[in-house]
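In what follows, chains are A, B, ... by sequence order, proteins preceding strands, each numbered from 1.
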Number of protein chains: 2
Amino acid sequence: MPMARRPSVSSVQIAREAGVAQSTVSRVLNGGSVAPETRRRVLEVLAKHDYQPNLAARSLVAARTGLVGVVIRDLTNPFYPVMVRAVEQVLHEQGLRLLLLSDVATAAESLAMLRRERVDGVVFTSAVREDPLAWPVSEHGIPVVLCHRTIEGFPGDQVEADNAGAARLAADHLLDLGHRRLGMLCGTAQASTAEQRAAGFRARLAERAPEVELVSVQGGYDYATSYAAVRELLAGPHRPSALFCHNDVMAHAALNAAAAEGVDVPGELSVVGCDDVPTSSWERIALTTVRQPLARIAEVAARLLLERLQDPQAPLRHEVLPVQLVERGTTAACRQVPGRGAG
Amino acid sequence: MPMARRPSVSSVQIAREAGVAQSTVSRVLNGGSVAPETRRRVLEVLAKHDYQPNLAARSLVAARTGLVGVVIRDLTNPFYPVMVRAVEQVLHEQGLRLLLLSDVATAAESLAMLRRERVDGVVFTSAVREDPLAWPVSEHGIPVVLCHRTIEGFPGDQVEADNAGAARLAADHLLDLGHRRLGMLCGTAQASTAEQRAAGFRARLAERAPEVELVSVQGGYDYATSYAAVRELLAGPHRPSALFCHNDVMAHAALNAAAAEGVDVPGELSVVGCDDVPTSSWERIALTTVRQPLARIAEVAARLLLERLQDPQAPLRHEVLPVQLVERGTTAACRQVPGRGAG
DNA sequence: CTGAAAGCGCTTACAG
DNA sequence: CTGAAAGCGCTTACAG
């Protein structure tokens with residue numbers, strides 16, 4: 001038999017036991033001015049009962065709830081834990097709480113929940129251009145920070161990595177290795193990361209090697225989709241000698257698809273990812289990738305939100321964080337004669 | 001400039017606009033008896049304002065908050081998302097909300113938070129025998145469900161996989177392949193899963209092949225610890241021909257450690273895991289493992305909690321779910337002559 | 001079926 | 001420095 005529910009003590013009971021008014025208890029709790037002796041007595045009773053204030057009551061009367069919504073759509077992407085931890089850490093230091101919104105609920109349901117909870121603000125990690133949740137949330141006057149993926153003209157603070165720069169690094173790396181038949185595995189169409197990485201990659205190719213062939217396939221930032229797409233690509237007539245993937249999850253899918261098709265990496269195919277999630281450094285994976293400062297991006301996002309709550313009228317901020325190429329085992333010099341035409 | 005905060009409408013405003021008492025609004029919201037015409041009128045005003053009740057106010061007056069704590073210590077283990085999703089799904093269907101507790105906070109801080117939030121119940125996924133959080137939470141009269149890891153004699157409902165059975169399947173598989181020098185990479189000492197898997201493995205060996213050598217090393221359910229331990233084991237004088245790992249994360253670490261040491265898997269070393277997380281089926285990993293019904297375990301846990309909230313006095317339940325061996329590429333017949341003595 | 005009232009546990013002016 | 005009081009937005013008996 002489980003234990004019987006034990007009722008919580010309220011500040012009224014604390015006050016009675018300490019022989020003071022309830023408002024005095026509230027004052028010692030929230031740092032109002034209280035005589036040392038009174039404070040001591042109240043603290044004693046507080047400690048005796050291990051008093052914990054009822055957050056619902058506090059939220060009801062205060063203007064704020066101390067709750068911050070964090071929207072993470074794809075829980076299966078391994079950079080998710082990295083981001084959540086970083087955000088959680090910052091919020092936790094400030095005594096704020098985190099309400100996690102995943103894709104279990106629809107956008108409408110999530111909006112309703114954020115409003116019912118009266119969250120003080122929301123951090124989005126996976127917004128798309130016409131985001132069905134970010135826009136309505138903002139229109140309801142709830143402060144929004146876009147983290148990792150951004151939206152031009154959005155009325156909220158934003159942080160992201162230098163995605164175009166990341167794509168340029170990837171392009172340079174593959175070009176330097178002599179690859180001239182390239183493939184690009186693209187992320188979700190409306191995601192800024194995918195758009196910037198695609199544009200950056202294309203721009204760099206046009207700049208350095210306008211003659212290269214580039215075949216783009218859609219992977220939707222999703223393992224299963226990417227896996228199928230890459231198998232098809234590798235089995236088809238336009239097999240590239242190198243593949244730039246818009247994130248690591250898709251790169252992992254590509255690696256596994258190559259294994260399934262009997263295509264040797266990096267012997268017959270070079271693969272570059274983007275993110276550098278923990279899995280990518282595994283010996284069995286050893287993915288060459290462009291590292292984003294994932295934890296840092298999330299941390300900055302949390303801080304931007306905190307500052308926004310302090311000063312709602314401050315001008316909008318937009319931070320862009322640097323990236324860096326991490327060479328590992330999935331890329332190598334092109335073995336075929338450089339030039340046009342598929343093998 | 002972000003949008004200005006838009007104040008929420010309250011049920012009092014709705015009542016005024018609909019020309020009824022506030023309690024009537026409350027009744028149409030919560031399904032009390034209301035005349036059809038009155039109801040229609042109220043619903044109209046509700047819809048017009050897209051009214052969302054203030055959950056803090058509701059929690060304050062109702063006996064329950066609708067909040068369920070979910071404790072997940074190791075966010076980096078990839079079965080975490082699988083479990084969270086399953087729990088979230090069930091809670092969401094019932095209109096309950098999830099408060100995620102990770103390891104960012106200490107046990108004391110987590111306890112305080114659960115109490116301040118007045119959660120209706122808590123699901124633990126990573127309890128240990130003398131758990132610093134599960135016991136205090138239960139002693140405070142908050143219903144607890146132990147999910148995945150269990151504690152004998154704990155006053156709460158429990159769900160787990162057949163861990164001893166899992167270990168027996170692993171032992172049989174390795175024994176059938178002719179392995180006689182075995183290694184076991186163990187999980188956290190106080191975790192039921194590690195204890196049961198260790199005991200089950202040992203029992204099965206004693207039963208079928210009392211002559212086998214078994215060397216146990218501690219991996220603490222942690223990638224980094226396991227990686228270092230396995231490298232040391234493989235480089236040392238007692239290298240086993242097969243390794244049973246208490247979970248997949250440790251098995252992945254073992255695979256990568258083997259790669260780092262130049263030990264061929266499965267040629268020189270067979271590896272069996274336990275869990276079957278998504279990563280394990282990747283071609284690059286192809287881990288032979290014992291599958292636990294991860295989502296099912298979490299789902300049952302959520303349901304047990306819901307039933308407990310319905311009937312706090314019902315007798316405690318303890319569910320054990322079946323497991324299954326999944327043979328992939330990391331195990332093979334032992335190439336060395338079976339017998340004693342290291343190579 | 002419906003309204004007036006009490007009360008959940010707090011914070012915040014407002015007096016003294 | 002401290003107490004009495006109002007009020008946050010709801011639900012729940014209690015009358016009619």
Spacing between [X] atom [atom1] and [N] atom [atom2], to the nearest angstrom:
X: Gln22(B); N: dT11(D); atom1: CD; atom2: P; value: 7 Å
X: Leu46(A); N: dC10(C); atom1: CG; atom2: C1'; value: 13 Å
X: Arg40(A); N: dC1(D); atom1: CZ; atom2: P; value: 17 Å
X: Arg116(B); N: dC10(C); atom1: CZ; atom2: P; value: 12 Å
X: Asn30(A); N: dT12(C); atom1: CG; atom2: P; value: 7 Å
X: Arg115(A); N: dC10(D); atom1: CZ; atom2: P; value: 12 Å
X: Asn54(B); N: dG9(C); atom1: CG; atom2: C1'; value: 14 Å

**Message:** What's Ser59(B) touching, base or sugar-phosphate or nothing? Going by heavy atoms closer than 4.0 Å.
**Reply:**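 Counting heavy atoms under 4.0 Å across all strands, no contact is made by Ser59(B).
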**Request:** Just call it for Ala35(A): base, sugar-phosphate, or nothing, with non-hydrogen atoms closer than 4.0 Å on any strand.
**Result:** sugar-phosphate
**Request:** With DNA chain C as reference, determine whether Val20(B) or Pro53(A) sits nearer its 5' end, using the nearest nucleotide of each.
**Result:** Val20(B)
**Asked** Per the atom types in the model, does the base of dA5(C) pair as donor or acceptor with the side chain of Ser23(B) at under 3.5 Å?
**Response**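 When only heavy-atom distances are counted, Ser23(B) does not reach the base of dA5(C) through any donor-acceptor pair under 3.5 Å.
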**Prompt:** If you check every side-chain atom of Ala21(B), which of dG9(C), dC1(C), dG3(C) has the closest atom?
**Reply:**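 Nearest to the side-chain atoms of Ala21(B), counting from C-beta on, is dG3(C).
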**Prompt:** Taking the side chain of Tyr51(A) as heavy atoms from C-beta outward, which of dT2(C), dC1(D), dC10(C) is closest to it?
**Reply:**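 Of the options given, the side chain of Tyr51(A) lies nearest dC10(C).
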**Request:** Map Leu60(B) and Arg27(A) onto DNA chain D by nearest heavy atom, then report which one ends up closer to the 5' terminus.
**Result:**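 Its nucleotide being nearer the 5' end, the pick is Arg27(A).
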**Asked** Is it true that Glu37(A) and Arg40(A) make a salt bridge, defined as a side-chain N closer than 4.0 Å to a carboxylate O?
**Response** yes
**Asked** When you check the gap from the basic side-chain N to the acidic O, do Arg303(B) and Glu307(B) get nearer than 4.0 Å?
**Response** no
**Request:** Begin with the C-alpha distance, continue with both residues' side-chain angles, and end with the deciding distance and a verdict on side-chain contact (heavy atoms from CB on, under 4.5 Å) for Glu117(A) and Arg97(B).
**Result:** CA-CA 10 Å; Glu117(A) 295 275 7; Arg97(B) 289 157 297 133; 2.5 Å; yes
**Any Ser26(A) side-chain N or O less than 4.0 Å from OP1/OP2 of dT11(C)** = yes
**Prompt:** Does Thr24(A) have a side-chain nitrogen or oxygen under 4.0 Å from the phosphate oxygens OP1 or OP2 of dC1(D)?
**Reply:**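 It does not, given that no N or O in the side chain of Thr24(A) lies less than 4.0 Å from OP1 or OP2 of dC1(D).
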**Asked** Between Arg308(A) and Pro143(A), what is the shortest heavy-atom contact and its length?
**Response**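 So the minimum-distance heavy-atom pair works out to CG-CB, 3.9 Å.
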**Message:** Pair Gln89(B), Glu299(B) - check side-chain contact (heavy atoms from CB on, under 4.5 Å), show working.
**Reply:** CA-CA 8 Å; Gln89(B) 189 77 55; Glu299(B) 187 194 329; over 6 Å; no
